[in-house]
Enquirer: 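Here it is, the structure in full.
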Amino acid sequence: MINFAGSQSKVMEYNFRAIEEKWQKYWSGNQVFKASNHSGKPKYYVLDMFPYPSGAGLHVGHPLGYIASDIVSRYKRHKGFNVLHPMGYDSFGLPAEQYAIQTGQHPALTTEQNISRYREQMDKIGFSYDWSREVRTSNPDFYRWTQWIFLQLFNSWYDKETDKALPIAELITRFDNHGTEGTFAVCGLELAFTPEEWAGYDDARREDILQNYRLAYRAESTVNWCPELGTVLANDEVKDGRSERGGYPVVQKKMMQWSMRITAYAQRLLDGLDTIDWPEPLKESQRNWIGRSEGASIHFDIKDSEEKIEVFTTRPDTVFGVSFMVLAPEHELVDQITAEAYRESVQAYKEQAGRKTERDRMADVKTVSGQFTGAYAVHPFTGQEIPIWIGDYVLASYGTGAVMSVPAHDSRDWAFAKHFDLPIPEVVSGGNVAVESYDAKEGKLVNSGFLNGLDVKEAISRAIEEIEKKGIGKGKINFRLRDAVFGRQRYWGEPIPVYYENGVAQTVKEEHLPLQLPAVDAYLPTDDGEPPLARAATWSYHPEKGVVTASEGYPLETTTMPGWAGSSWYYLRYMDPANEDRMVSEKAEEYWQNVDLYIGGSEHATGHLLYSRFWHKFMFDRGWVSTREPFQKLINQGMILGTSAFAHRLKNKNEFVTASIARQVPTDPIHVDVNMVNASDELDIEQFRQWRDDVGNAEFALEGGKFVVTREVEKMSKSKYNVVNPDNICEEYGADTLRMYEMFLGPLEQSKPWNTAGISGVYNFLKKLWRLYHKDGDFIVSEDEPSKEELKSLHTLIKKVNDDIEQFSFNTSVSAFMICVNELGGLKCNKRTILEPLAILLSPFAPHIAEELWSKLQPSAGSISEVPFPQAEEQYLVEDTFEYPVAFNGKMRFKEELSLAMSKDEIEKHIISLEKTQGYLEGKSIRKVIVVPGKIVNIVV
RNA sequence: GCCCUGGUGGUGGAAUUGGUAGACACGCGGGACUUAAAAUCCCGUGAACAGCAAUGUUCGUGCGGGUUCAAGUCCCGCCUGGGGCACCA
């Protein structure tokens, strides 16, 4: 242990190392933060988004949210709440699998190592987590219940009448007794059969039908398939139609995949947003993602064909303006309807479109492309023939994958019509459709038969009426939200507990869960493109024996669950983490209910946060949870960005030049590790030479003996060599300084670049605070009565800190602490009446130093963590005068201290009578005097 | 492209939500203590102009307009950084 006071036994200075180690030991040794599931106190559940334990270790961005939630947790304990504040790991994921592919090491092993490192790093920051409740999504004890939930989803359907999920057994009973008659279920197809027909179906046929109702079901979906890698890629793994790794071609391919029928919950997910306290932009993101739109579905006949094209439109009023139709290139009817003469060009276009990802197609609005199929649709009202095209601006996954194009009133359709020289008939007046499309929902209908003369609004309902009357369609609510693809062609995820008996999906028995990941010889797909699990020798299922070798039993599912499976319900497991009989006991669930405060990044807005709400609502329907929403209040923390450093290398030369030269000549910027650059942006050249083989013998052009790098703000990431770990800071300044500094950086919600330049300010503050309680190394606190000034300073702080924590404005609290400590320092205050509340106030922010001071103030009182939080007393805060700023035409000229008891008139009279006022008037007359008591005086001349 | 979000001194940021722009902190400059250093403390610090000085004037919250007695804050139009867009987590 380092003692700054040298050999003296007394600790002269603030010795954070000793203090922090002492209290971290005390907290864990005494289980100070262990939460009980039984308490007379009100409960408060504070949750952090659990991290994915990556190989780079915890970086300074992670603790930002964790510190904030820890402050709230500690604050709530001081306020008399029974606080549940747990932490765990989202430990399934792609990076561990990639690493396993490269090194052959089992992902469980590297995951374990990464977790230990994360835990060590978190322990050093002094979080008040109840570690006895830790969860890991990759632990069989945990994913057993993820699999269990999957089985429940598989065995459920959605009843539109009661608007909730019900057991599939009930649906089967209904089919036995009434067929589809009288049941209104969310279903993938429009199905109708009688009980007799149902009775006649064999098991395979029945299962086929039930797949359309199950909330977890198999269906075809389009994926980015890379034949060379034999695997499916995420959109961001695809660059310009090629895989980012290796640069192999990627094609769009349809695949049978497990999916989740989240669309059944679209309306409830939308409505629920009004009941939760989340940031408005986040709710807005979810609303847009769900994308509810009202309109109509219309069926268009195809000339010389039995088939019909179904479209969804939000503008049925413009039906007379349809001059062509566009299908997504992947639309199932394309091949059927294409005329012989166009077959080749249609095929070519489909291939071209198949090379683009959906995102590329959405992003590129400048290039218009498409291909005529040679087929014609028939307009349902005019009987006119309408050419049918295919075009990649129509997405197969949205609506029906087909649009009725109204070029006059839709900008994408307009661009398409212009490009291919198709007619643009105007049907809503108000714009000039020869110049651009008129998309506004205002104006009168023209050239539209029975709709002529109506407003857009009237025309929409009239058109729907007419469409329904003709039996060619109906009014419909459409959602942009799609069912979520649930299967992944990966190893490191939860196995899906399903096996196939003669091709029919059957579920693994609950008593055989968890279905554990099998051993495989490599973490790659098989040679014929099967997922890694297909490599396992032991991967079949016997309903009596469980998992068996491939020689007996039935084949098990080989895809695994996506990253979001475990994170969709982990918050429930913390309530009752060791339960072996249920995912969470009724009693624990009843006590903790749901999360009171959830802190995490807004990048999860439409993924994790929507899926969790979906699963939670499903579990509510089936009676396993008693609340309708998982996260009552949510705060987004901003991202901490890294400041990358670049050394500039001359184009095509192995010579590096310092920043000032780099500005004048063409260079390639090369990322250099930020740890090799000092605060003045000077690079340690020797370290750099050793770091990269190819720079070993490079030349360096310096200026003034220095080599200077340039800086740029980017996302903090291992690949950009700009990751800063919290460890060094804990080492150099201590956890309390790190905690307060991260809060001091700025508002929690804002993203900001990491920069340690200001950290000494916070460190100095803690040293100053320490000196209030100590003199010459002795703890000296007096019992004297405090002065009015000291009380005012303290109570100003108490008020500020209470208000700020409630509003999650932690940066301003830190400033307030600094102001108060500066004031008390100036007053040489060492009075217990002031310093005791000060220590308690500080305890959520800098818990180690607060415990240490508390143990000296109250040697036998135990931990500070549950001592009641100070309350501000107004009597110490009242002011009787105010220094009024006096402005002329809005410009502040001077200040005048006046009693707050004065009326507006009195203030006005007083100010006008002042000599200074007359000086500023310069002889001009006063037009008006505005007096806002307690705020400002403004004189208009 | 679409959706969300940010832009204030050399730097991080503050501003009671329409009422003194720049709190607090870093950095920088000057000073005290010290043989010296560290540590600590004190003073100054948005820019330009005028003045020996106290001080004063003008400009100033990404850019251009507008509303208002008063705009960082409200409205309209732009520029620009960051995040998301369904298999990264």
Side-chain angles (χ1 to χ4, degrees), chain A residues 4 13 49 51-52 54 90 92-95 98 221 223-224 231-238 257 279-282 284-285 287-289 291 358-366 393 397 412 480-490 493 562-564 567 601-608 610-611 636 638-639 641 679 713-715 741 744-747 749-753 755-762 764-765 767-768 771 803 811-812 814-819 822 825 883-895 927-930 932 934-941:
Chain A
F4 287 113
E13 284 290 336
M49 287 185 186
Y52 173 78
S54 92
D90 189 10
F92 272 133
L94 213 44
Q98 289 300 347
S221 47
V223 294
N224 300 315
T231 191
V232 175
L233 298 175
N235 273 334
D236 54 84
E237 293 176 294
V238 184
Q257 298 267 22
E280 206 44 53
L282 187 57
E284 199 56 29
S285 295
R287 286 191 192 105
N288 290 334
W289 188 261
E358 204 166 87
R359 193 185 310 176
D360 290 339
R361 282 164 60 171
M362 285 189 284
D364 187 7
V365 293
K366 284 185 194 116
Y393 79 101
S397 56
R412 296 295 305 263
R480 198 182 75 101
L481 183 71
R482 311 203 291 256
D483 279 345
V485 179
F486 197 70
R488 297 287 185 269
Q489 326 286 308
R490 316 276 189 194
W564 54 268
S567 59
S602 61
E603 66 271 22
H604 300 285
T606 52
H608 162 58
L610 199 64
Y611 297 130
N636 285 133
M639 182 176 287
L641 304 166
V713 171
E714 295 180 296
K715 200 166 169 169
Y741 183 60
F744 189 57
L745 272 179
E749 303 87 338
Q750 251 170 50
S751 55
K752 50 229 151 195
N755 175 4
T756 48
I759 200 161
S760 61
V762 171
N764 285 342
F765 156 75
K767 284 194 285 189
K768 267 190 229 173
R771 282 199 296 272
D803 291 353
N811 56 325
T812 50
V814 178
S815 302
F817 275 115
M818 289 173 172
I819 293 168
N822 285 345
E883 202 176 25
Y884 279 91
V886 180
F888 292 77
N889 289 335
K891 275 185 187 160
M892 208 279 287
R893 294 302 183 186
F894 63 86
K895 289 177 190 170
R927 274 215 310 196
K928 200 173 173 187
V929 179
I930 286 139
V932 184
K935 287 250 166 91
I936 201 168
V937 177
N938 191 15
I939 298 169
V940 188
V941 296

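Everything numeric here is computed off the predicted structure, so don't read it as measured data. Chain identifiers are assigned alphabetically (A, B, ...) following the order of the sequence lines, protein sequences preceding nucleic acid strands; residue numbering begins at 1 within each chain. The figures here come from the full heavy-atom set of this structure, side chains too, leaving out hydrogens, waters and symmetry mates.
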Enquirer: Whole Å only: how far is the CZ atom of A/Arg287 from the C1' atom of B/rG84?
Expert: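 Going from CZ in A/Arg287 over to C1' in B/rG84 covers 17 Å.
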Enquirer: Does any nucleotide pair with B/rA15 by Watson-Crick or G-U wobble geometry, both distances under 3.5 Å, and what is it?
Expert: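 The base-pairing partner of B/rA15, which may sit in any strand shown, does not exist here.
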Enquirer: Of the nucleotides B/rG83, B/rU11, B/rC69, which has the atom closest to the A/Val940 side chain?
Expert: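 The closest nucleotide is B/rC69.
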Enquirer: Indicate, yes or no, whether a donor-acceptor pair under 3.5 Å links the base of B/rC69 to the side chain of A/Asn938.
Expert: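 Checked by distance alone, the answer is yes.
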Enquirer: In whole angstrom, what separates A/Leu282's CG from B/rC85's P?
Expert: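 Roughly 14 Å, once rounded to whole Å.
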Enquirer: When the nearest nucleotide of RNA chain B is assigned to A/Lys895 and to A/Gly761 on a heavy-atom basis, which residue is associated with the more 5' position?
Expert: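 The answer here is A/Lys895.
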Enquirer: For the side chain of A/Val223, starting at C-beta, report the closest nucleotide among B/rC87, B/rA89, B/rC69.
Expert: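 When the side chain of A/Val223 is considered, B/rC87 is the closest of B/rC87, B/rA89, B/rC69.
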Enquirer: Report the distance from atom CZ of A/Phe92 to atom OG of A/Ser567, rounding to the nearest 0.5 Å.
Expert: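 One finds 12.0 Å between CZ of A/Phe92 and OG of A/Ser567.
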Enquirer: Please state how far atom NZ in A/Lys891 lies from atom P in B/rU68, giving the value in whole angstrom units.
Expert: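 A/Lys891 atom NZ is separated from B/rU68 atom P by 19 Å.
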Enquirer: Please state the C1' separation for the pair B/rA54 and B/rG66 - nearest whole angstrom.
Expert: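 That atom pair is separated by 41 Å.
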Enquirer: Can you tell me, in whole Å, how much space there is between the P of B/rU73 and that of B/rA14?
Expert: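 Per the computed distance, 16 Å lies between those P atoms.
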Enquirer: Whole angstroms only, please: what is the CZ-C1' distance between A/Phe894 and B/rG19?
Expert: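 Interatomic distance, CZ of A/Phe894 to C1' of B/rG19: 16 Å.
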Enquirer: Closer than 4.0 Å, any side-chain N/O of A/Arg482 to the OP1 or OP2 of B/rA86?
Expert: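 No, because none of the side-chain N or O atoms of A/Arg482 sits under 4.0 Å from OP1 or OP2 of B/rA86.
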Enquirer: Would you kindly give the CZ-to-C1' distance between A/Arg480 and B/rC4, to the nearest whole Å?
Expert: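 Whole-Å distance recorded here is 13 Å.
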Enquirer: Do any side-chain nitrogens or oxygens of A/Asn822 fall under 4.0 Å of OP1 or OP2 in B/rA25?
Expert: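 Looking at the OP1 and OP2 atoms of B/rA25, one of them is under 4.0 Å from a side-chain N or O of A/Asn822.
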Enquirer: Please check: side-chain N/O of A/Asn224 versus main-chain N/O of A/Leu233, any donor-acceptor pairing under 3.5 Å?
Expert: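 Yes.
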Enquirer: Tell me which nucleotide, if any, is Watson-Crick or G-U wobble paired with B/rG1 when both distances must be under 3.5 Å.
Expert: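 WC or wobble partner is B/rC85.
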Enquirer: Considering every strand and a 4.0 Å limit on heavy-atom distances, what is the contact class for A/Gly607: base, sugar-phosphate, or nothing?
Expert: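 Contact class for A/Gly607: none.
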Enquirer: Mind checking who B/rU68 pairs with, Watson-Crick or G-U wobble, both distances under 3.5 Å?
Expert: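 Base-paired to nothing in any strand shown.
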Enquirer: Using the P atom as the point on both nucleotides, what is the distance between B/rG83 and B/rG77, in whole Å?
Expert: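 My reading of the P atoms in B/rG77 and B/rG83 gives 26 Å.
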Enquirer: With rounding to whole Å, what would you report as the distance between B/rG46 and B/rU34 at their P atoms?
Expert: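 Their P atoms lie roughly 32 Å apart.
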Enquirer: Determine the interatomic distance between C1' on B/rG72 and the same-named atom on B/rG22; round to the nearest Å.
Expert: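 These two C1' atoms come out 11 Å apart once rounded.
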Enquirer: Any idea which of B/rC87, B/rC3, B/rC26 is nearest the A/Ser760 side chain?
Expert: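 Nucleotide nearest to A/Ser760's side chain: B/rC26.
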Enquirer: Is the backbone N or O of A/Asn288 less than 3.5 Å from a side-chain atom of A/Arg480, with the two atoms forming a donor-acceptor pair by type?
Expert: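 Here the side-chain-to-backbone pair exists.
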Enquirer: For the side chain of A/Ser815, starting at C-beta, report the closest nucleotide among B/rC24, B/rG13, B/rC4.
Expert: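 So the nucleotide nearest the side chain must be B/rC24.
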Enquirer: What is the separation between atom CZ on A/Arg893 and atom C1' on B/rU55, rounded to the nearest whole Å?
Expert: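 In whole Å, B/rU55 C1' lies 14 Å from A/Arg893 CZ.
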Enquirer: May I ask which nucleotide in the shown strands pairs with B/rU35, Watson-Crick or G-U wobble, both distances under 3.5 Å?
Expert: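 Paired with B/rU35, as far as the under-3.5 Å criterion goes, is no nucleotide at all.
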Enquirer: Take A/Leu610 and A/Leu481 through the test side chain to side chain contact (heavy atoms under 4.5 Å, CB included) and record every step on the way to the result.
Expert: CA-CA 11 Å; A/Leu610 199 64; A/Leu481 183 71; 3.9 Å; yes
Enquirer: Rounded to the nearest angstrom, tell me the gap between atom CG in A/Asn288 and atom C1' in B/rC4.
Expert: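 Answer to the nearest Å: 8 Å.
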Enquirer: For nucleotides B/rG51 and B/rG65, find the distance between their C1' atoms and express it as a whole number of Å.
Expert: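 The answer is 38 Å between these two C1' atoms.
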Enquirer: Looking only at the side chain of A/Met892 (C-beta and beyond, no hydrogens), which of the listed nucleotides B/rC4, B/rG83, B/rA21 gets closest?
Expert: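 Between B/rC4, B/rG83, B/rA21, the one nearest the side chain of A/Met892 would be B/rA21.
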Enquirer: Which listed nucleotide (B/rA86, B/rG12, B/rC41) is nearest to the side chain of A/Leu745?
Expert: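 Given the options B/rA86, B/rG12, B/rC41, the side chain of A/Leu745 is closest to B/rG12.
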Enquirer: Which part of the nucleic acid, if any, lies within contact of A/Trp564, taking any heavy atom under 4.0 Å across all strands shown: a base, the sugar-phosphate backbone alone, or nothing?
Expert: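 Contact class for A/Trp564: none.
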Enquirer: Within the structure, does a side-chain N or O atom of A/Arg771 lie under 4.0 Å from either OP1 or OP2 of B/rA39?
Expert: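 A/Arg771 to B/rA39 OP1/OP2: no side-chain N or O under 4.0 Å.
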Enquirer: Touch check for A/Pro51, heavy atoms < 4.0 angstrom, all strands: base, sugar-phosphate only, or nothing?
Expert: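 Contact class for A/Pro51: none.
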Enquirer: 5'-most contact on RNA chain B: A/Glu280 or A/Lys767, nearest heavy atom basis?
Expert: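 On the 5' side of the pair lies A/Glu280.
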Enquirer: Looking only at atom types and distance, does a side-chain atom of A/Tyr884 sit under 3.5 Å from a main-chain N or O of A/Gly934, one as donor and one as acceptor?
Expert: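 Checking the backbone N and O of A/Gly934 against the side chain of A/Tyr884, a donor-acceptor pair under 3.5 Å is found.
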Enquirer: Which nucleotide, B/rA89, B/rU5, B/rC24, lies nearest any side-chain atom of A/Pro281?
Expert: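 The listed nucleotide nearest to A/Pro281's side chain is B/rU5.
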Enquirer: NA contact type, A/His608, heavy-atom cut-off 4.0 Å: base, sugar-phosphate, or nothing?
Expert: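 Result for A/His608 = nothing.
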Enquirer: Would you say B/rC24 has OP1 or OP2 under 4.0 Å from some side-chain N or O of A/Asn811?
Expert: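 Indeed not, no polar side-chain atom of A/Asn811 lies that close.
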Enquirer: Quick one: is B/rG13 close enough that its OP1 or OP2 comes under 4.0 Å of any side-chain N or O from A/Lys752?
Expert: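 Negative; the distance criterion is not met.
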Enquirer: Counting only side-chain N and O atoms of A/Asn764, is one of them less than 4.0 Å from OP1 or OP2 of B/rC26?
Expert: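 Indeed, a polar side-chain atom of A/Asn764 lies that close.
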Enquirer: Nearest of B/rA14, B/rA89, B/rC3 to any side-chain atom of A/Thr812?
Expert: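 So the nucleotide nearest the side chain must be B/rA14.
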Enquirer: Name the closest nucleotide to the A/Pro95 side chain, picking from B/rC24, B/rA89, B/rG83.
Expert: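 Of the options given, the side chain of A/Pro95 lies nearest B/rA89.
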Enquirer: Taking atom types as they are modelled, is there a donor-acceptor pair under 3.5 Å from the base of B/rC69 to the side chain of A/Arg927?
Expert: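 A donor-acceptor contact between them is absent.
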Enquirer: Which nucleotide, if any, forms a Watson-Crick or G-U wobble pair with B/rG6, using both distances under 3.5 Å?
Expert: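 Base partner found: B/rU80.
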Enquirer: A/Pro885 has a side chain; which of B/rU20, B/rC87, B/rA89 sits nearest to it?
Expert: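 Of the candidates, B/rU20 comes closest.
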Enquirer: Determine the interatomic distance between P on B/rU45 and the same-named atom on B/rA25; round to the nearest Å.
Expert: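 Taking atom P in both B/rU45 and B/rA25, they lie 15 Å apart.
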Enquirer: Checking the side chain of A/Lys928 only, and the main-chain atoms of A/Asn938 only, is there a donor and an acceptor separated by less than 3.5 Å?
Expert: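 No: the side chain of A/Lys928 does not pair with the backbone of A/Asn938.
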Enquirer: Using the C1' atom on both, measure B/rG62 against B/rC79 and round to a whole Å.
Expert: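 Rounded to whole Å, the distance is 7 Å.
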Enquirer: Looking at B/rU20, which nucleotide sits across from it as a Watson-Crick or G-U wobble partner, both distances under 3.5 angstrom, or is there none?
Expert: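 Pair assignment: B/rU20 / none.
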Enquirer: Syn if the chi torsion is within 90° of 0, anti otherwise; quick check, which is B/rG9?
Expert: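 Chi for B/rG9 falls in the syn range.
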Enquirer: Which value, rounded to the nearest 0.5 Å, describes the distance between A/Phe894 atom CZ and A/Phe888 atom CZ?
Expert: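 Interatomic distance, A/Phe894 CZ to A/Phe888 CZ, rounded to 0.5 Å: 5.0 Å.
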Enquirer: Nearest whole Å is fine: how far is B/rA86 C1' from A/Asn235 CG?
Expert: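 In whole Å, B/rA86 C1' lies 8 Å from A/Asn235 CG.
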Enquirer: How long is the gap from CG on A/Leu282 to CZ on A/Arg287, to the nearest 0.5 Å?
Expert: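 Reported value, rounded in 0.5 Å steps: 10.0 Å.
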Enquirer: Is there a Watson-Crick or G-U wobble partner for B/rU57 with both distances under 3.5 Å, and which nucleotide is it?
Expert: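 Base partner found: B/rA48.
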Enquirer: Is the A/His608 ring parallel, tilted or perpendicular to the A/His604 ring (thresholds 30°, 60°)?
Expert: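 Rings of A/His608 and A/His604: perpendicular, as their planes differ by over 60°.
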